[in-house]
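Start at 1 with the first residue, then count along the sequence. We count ligands from 1, going down the list as the structure has it; atoms in each ligand are counted the same way. Just so it is clear, the model here is predicted, and its values are computed rather than measured. Side-chain atoms are counted along with the backbone in the values below, which use heavy atoms only and exclude waters and symmetry mates.
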Amino acid sequence: MTTPTGDKDAAKPSNFLRQIIERDLEQGIYSQRHWAGIPGDAATQQSGPLDPARIRTRFPPEPNGYLHVGHAKSICLNFGLANEYGGVCHMRFDDTNPEKEEMEYVEGIKDAVRWLGFSWDAHGTSHLYQASDYFDFMYRAAEYLVEAGLAYVDEQTPEQMRANRGDFSRPGTDSPFRSRSIDENRNRFREMRDGKLADGAAVLRAKIDMASPNINMRDPALYRIKHAEHHNTGNTWCIYPMYTFAHPIEDALENITHSLCTLEFEDQRPFYDWLLDRLAEGGLVNKPHPRQYEFARLNLTYVVTSKRKLKQLVDEKHVSGWDDPRLPTIVGLRRRGYTPESLQLFAERIGVTKADSWIDYSTLEIALRDDLDPKAARAMAVLDPVKLVIENWGELMGGDDQLDPCSAPVHPHDESRGRRSFMFGKELWIERTDYEETPPKGFFRLFPGNKVRLKYGHVIECVGADRDAQGTVVQVRARLVPDTKSGTPGADKVKVKGTITWVGVADGLKAEVRLYDRLFAVAQPDTGEKDFLEELNPDSLKVVTAYVEPSLGSSQGDEKFQFERHGYFVADRKDHDSTAGKVVFNRVTGLKDSWGK
Ligand code: ATP
Ligand code: MG
């Protein structure tokens, strides 16, 4: 779990996928392929000009939930590689399963990809596709296999089929239906299509090899019966293609060159090639056909990345919705304050490998800090406020209600961004933890008799504090040391060991600040004996009433700030309404990794 750091603009390191693509481009493997401008079979593609895209990749989500950080890795990879090599990445909804697909998710997925900074528009075409549009072709491909003696209708029960499949040590046993004639298979398959058979009564299977050491090659199922309405095709079909049959065909019809998927599909690759080789031989799909390459999926500590589990967290109200800032969904990360650039940087840094591993959550936070540090405007905020009263203010300033304007750079390394202003006065908000009656060793902030600088303001000397009946400090008292205002000549003649942040009582804004922490209390919540819900971090959200400097009053949603000493914060996109005086900030992340310390 090492965390690569360093210059984010450094040349992108090579990886096995870049090497494969560069080799294919060098050898011109795909350079003679034609593209009709739309997905289609071999004849359609041949009627078009040479494909203007040097490579084609695709991002093929199933629209059954919101996307998460694992999908972000896949999006950055597929769209990123296409951009890098003069290619095009297709946005494809894998909607071949008639159940569980919702328009809300389709729109959410498109928003997420666009927000991450990618587009499926290229060469004047929108490469936005849905797999269910290919059902006609898939059926034709299935009938082709039947006619070629390469597929048969199997009417064994699911139990028999499972038993006859064998296992790793035992070859499978041929189904009694395997030797049916082509005519019989054609008729029976058409009866399946025409709704003459009940769900589960038969499947169409490829006829490959029941003794193959790869169980996926033991006559995999191609079509199943499912009397269900489909959101796109309605009741046109009562048979639906299996994912393993549909996916290679979707890739082929779209002229995909490099079909990138996660490692669990490695054992499917022989069937992917078998199917497309057969369909290419039959002149059905364009040549050379796409190739599948597998990479390790992203496993991130302290979160779960499975749409099903995320949905459970949302449905059972453990979080406030799909965009809860603690969730690793893209809408959640966005509301938390993550930027598209930080997620792209994260994806680039974790790279692609052929071996599964866990990435520590802090790697994501480090990428975020590296992206925000040069961008985020600075501001002062007091998250656990207690009042500081300057006893000699009126004397020195000619009145208790006098205010002294102070300023600070918007960004310490970029003068051109100007300065922010705020008022120093008799009463200021400071952090409760900045005062100690009896200072522990190494404590340089406020305690009776000690001097500190109020950042961008004056030096003060602490006098003491007033407490209520319970002993809680209600206000801290101090005296101003004259001629020490920051930025004025001789201001640093009085040496102090501590500097603290503050917000003026006169012009500070009251704000709701949501201090988010990790959603789960353990690193790998989904892997042990316990139900993952038992491992939720009970302290993942703490809401405090804070005071923030007036420059934050005009901030718009999505704008990120560094609250000095505290970390990065973002105005909550949903709840913050500065024009209505409702100021709400989310903590994005601390200034440094403090988890477990
Ligand atoms: P989930 O299990 O969360 O539902 P999925 O793999 O079923 O995820 P799909 O919608 O089918 O989700 O995935 C779309 C694409 O995103 C696929 O190409 C898949 O390989 C990729 N993907 C999904 N999860 C991850 C992950 N954790 N890391 C990398 N890529 C992922
Ligand atoms: Mg899936």
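At a threshold of 4.0 Å, the pair R23-E26 does not count as salt-bridged, since none of the basic side-chain nitrogens sits closer than that to a carboxylate oxygen. Electrostatic pairing of D24 and R291 does not count as a salt bridge here, judged by no charged N lying under 4.0 Å from a carboxylate O.
At least one heavy atom of F59 sits under 4.0 Å from some atom of ligand 1. Remark: distances from the non-hydrogen atoms of H68 to ligand 1 include one below 4.0 Å.
In this view, R334 and D558 satisfy the salt bridge (Lys or Arg N to Asp or Glu O under 4.0 Å) rule, not counting sequence neighbours.
Of the candidates C76, P328, P61, it is P61 that places a heavy atom closest to atom 14 (C) of ligand 1. Across the listed options R297, K309, E62, R297 owns the non-hydrogen atom lying nearest to atom 2 (O) of ligand 1.
The shortest N or O to N or O distance between F295 and ligand 1 is not under 3.5 Å. Checked against a 3.5 angstrom limit, the closest N/O atoms of N64 and ligand 1 fall outside it.
At least one donor-acceptor pair under 3.5 Å links the side chain of T257 to the backbone N or O of R56.
Interface of K307 with ligand 1, defined as ligand atoms under 4.0 Å from a residue heavy atom, comprises 1 (P), 3 (O), 4 (O), 8 (O), 9 (P), 10 (O), 12 (O). The ligand atoms of ligand 1 that sit less than 4.0 angstrom from a heavy atom of S306 are 3 (O).
Here L222 contributes atom CG and K207 contributes atom NZ; the two are 12.5 Å apart, rounded to the nearest 0.5 Å.
Side-chain contact annotation: H318 with R326, donor-acceptor N/O pair under 3.5 Å absent.
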